[in-house]
Number of protein chains: 2
Amino acid sequence: MRMSTKAQYAVRALVSLNLTSDGRPVSIKEISQIEKISLHYLEQLFVKLRRGGIVNSVRGPGGGYVLARSAADISMDQVIETVEEALMPLSCMDADGSCNCEAECTTQSVWHGLGMQIRSFLASVSLEDLTNDGRRQLACRVANI
Amino acid sequence: MRMSTKAQYAVRALVSLNLTSDGRPVSIKEISQIEKISLHYLEQLFVKLRRGGIVNSVRGPGGGYVLARSAADISMDQVIETVEEALMPLSCMDADGSCNCEAECTTQSVWHGLGMQIRSFLASVSLEDLTNDGRRQLACRVANI
DNA sequence: ATTATAATTGACAGATTTAGTCGGGTATGA
DNA sequence: TCATACCCGACTAAATCTGTCAATTATAAT
């Protein structure tokens with residue numbers, strides 16, 4: 001059971017975007033420098049995020065990305081489902097992908113239940129929550145050093 | 001976010017073991033045939049399960065594996081943590097594994113929170129619960145066909 | 001003791017995923 | 001028109017996962 005670094009990167013990038021932006025577009029070059037994530041890799045992530053309706057792009061000089069809607073309306077499950085294919089895929093172990101209901105279905109109820117749990121938890125965390133965490137942490141770091 | 005098939009296999013195998021056993025040891029050969037999981041792969045899983053105190057092994061003819069304790073006292077989080085290393089590992093992206101608290105910590109609270117959710121959900125499901133599901137399903141299948 | 005059974009161990013191969021690169025585009029605003 | 005910034009697709013090296021194979025060791029029944 002693990003969360004892909006892709007999803008972790010996407011979340012970090014969005015927090016960074018929200019922290020940096022004051023309404024103006026933020027270039028992924030900036031985010032790349034702040035978060036120390038490869039520029040090209042970020043581009044790939046933001047293509048998905050844009051197609052998923054999480055961010056909007058602004059082209060041309062001074063362009064970049066902006067959140068497509070309020071940070072409070074962006075939940076983590078949306079973000080993760082956008083950059084990954086599925087939040088909680090199950091391997092049914094059949095060549096054709098269908099479920100043969102012999103043995104594995106016995107335990108599928110657990111995995112489905114778990115998937116629901118994960119989904120609902122991630123749905124309860126908004127980008128705004130994380131950004132506030134980030135702001136608080138930033139303030140602490142500044143105060144300490 | 002995905003559950004490894006290793007974990008899924010382990011859970012299925014234990015349900016199968018509990019369904020088949022009437023107190024006597026069950027060989028993984030049997031389980032392998034029932035669940036159609038490679039014998040040798042099962043061996044690997046059961047080594048971990050034995051070391052983790054989930055099952056006990058009985059050597060020699062008529063030997064096999066038995067549950068180390070009551071099915072009601074075996075929860076899914078214990079099983080999964082036994083066959084995998086960690087239930088919810090976080091990549092801190094540092095070579096030495098330490099957390100440098102620059103950028104990624106901003107979002108770590110989410111992952112930790114998620115990990116707790118997953119853990120507590122899996123802790124609430126016992127092997128006995130799943131075995132009962134299995135029994136019910138078996139009865140239905142027999143009735144239908 | 002012999003033999004059959006079963007667990008133990010380690011090496012290994014194939015498939016899949018991941019993280020990241022590269023080289024070209026194309027649209028936009030100053 | 002020109003620099004900026006996004007867009008696209010192919011490609012790869014490394015890591016991880018899944019599953020197999022072979023050989024060995026331990027146990028109990030006969």
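Sequence lines set the chain letters: A, B, ... in the order given, protein chains first and strands last, and positions in each chain run from 1.
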- Message: I want to verify a distance call: between C/dT21, D/dC8, D/dT18, whose nearest atom is closest to the B/Tyr41 side chain?
- Response: D/dT18
- Message: Check this one for me: any side-chain N or O of B/Tyr9 less than 4.0 Å away from OP1 or OP2 of D/dG19?
- Response: yes
- Query: For the side chain of A/Arg59, counting heavy atoms from C-beta on, which of C/dA27, C/dA11, D/dT27 is nearest?
  - Reply: C/dA27
- Note on the structure: note: A/Arg24, atom CZ; D/dA5, atom P; distance rounded to Å ~ 13 Å
- Atom CG in A/Leu39, atom CD in A/Glu30: separation rounded to 0.5 Å? 12.0 Å
- Task: Nearest-nucleotide wise, let me know which of A/Arg51 and B/Leu39 is further upstream toward the 5' end of DNA chain D.
- Result: A/Arg51
- Query: OG1 of A/Thr131 to CG of A/Asn18: how many Å apart, nearest 0.5 Å?
  - Reply: 4.0 Å
- Task: For B/Ile37, answer base if it contacts any base atom (sugar-phosphate contacts may also be present), sugar-phosphate if it contacts only those atoms, and nothing otherwise; contact means non-hydrogen atoms under 4.0 Å.
- Result: nothing
- Query: Can you check the B/Lys29 NZ to C/dA4 C1' distance for me, whole Å?
  - Reply: 11 Å
- Heavy-atom donor-acceptor pair, B/Gln44 side-chain to D/dT20 base, under 3.5 Å: yes
- Looking at D/dT27, D/dC8, D/dG19, which one has an atom nearest to any side-chain atom of A/Arg50? D/dC8
- Query: At under 4.0 Å, does any side-chain N or O of B/Thr5 touch on OP1 or OP2 of D/dT18?
  - Reply: yes
- Note on the structure: A/Leu45 CG to C/dG20 P, in whole Å, measures 10 Å
- Item | Phosphate OP1/OP2 of D/dA5 contacted by A/Ser57 side-chain N/O (<4.0 Å) | no
- Query: How do B/His40 and B/Ser27 order along DNA chain C: which one's closest nucleotide is nearer the 5' end?
  - Reply: B/Ser27
- Message: Could you tell me how far apart B/Met3 (CE) and D/dC17 (P) are, to the nearest whole angstrom?
- Response: 13 Å
- Crowded around B/Arg69 CZ? As in, over 12 foreign heavy atoms under 6.0 Å? yes
- Task: Could you tell me whether the phosphate oxygens of C/dT8, OP1 or OP2, come under 4.0 Å of any side-chain nitrogen or oxygen in B/Tyr65?
- Result: yes
- Task: Evaluate side-chain contact (heavy atoms from CB on, under 4.5 Å) for A/Phe46 paired with A/Ile31, printing each intermediate quantity in order.
- Result: CA-CA 11 Å; A/Phe46 273 86; A/Ile31 295 178; 3.9 Å; yes
- Query: Nearest-Å distance, CG (B/Leu42) to P (C/dA6)?
  - Reply: 15 Å
- Query: Which whole-number value in Å describes the distance from A/Glu30 CD to D/dA5 P?
  - Reply: 9 Å
- Out of D/dG19, D/dC8, C/dG20, whichever nucleotide has its closest atom nearest the side chain of A/Val47: D/dC8
- Message: Using a distance-only criterion (donor-acceptor N/O pair, under 3.5 Å, no hydrogens), is the base of C/dT17 paired with the side chain of A/Glu84?
- Response: no
- Without hydrogens or angle criteria, can the side chains of B/Ser4 and B/Glu84 be said to hold a donor-acceptor pair below 3.5 Å? yes
- Message: Just N and O in the side chain of B/Ser4: are any of them under 4.0 Å from OP1 or OP2 of D/dC17?
- Response: no
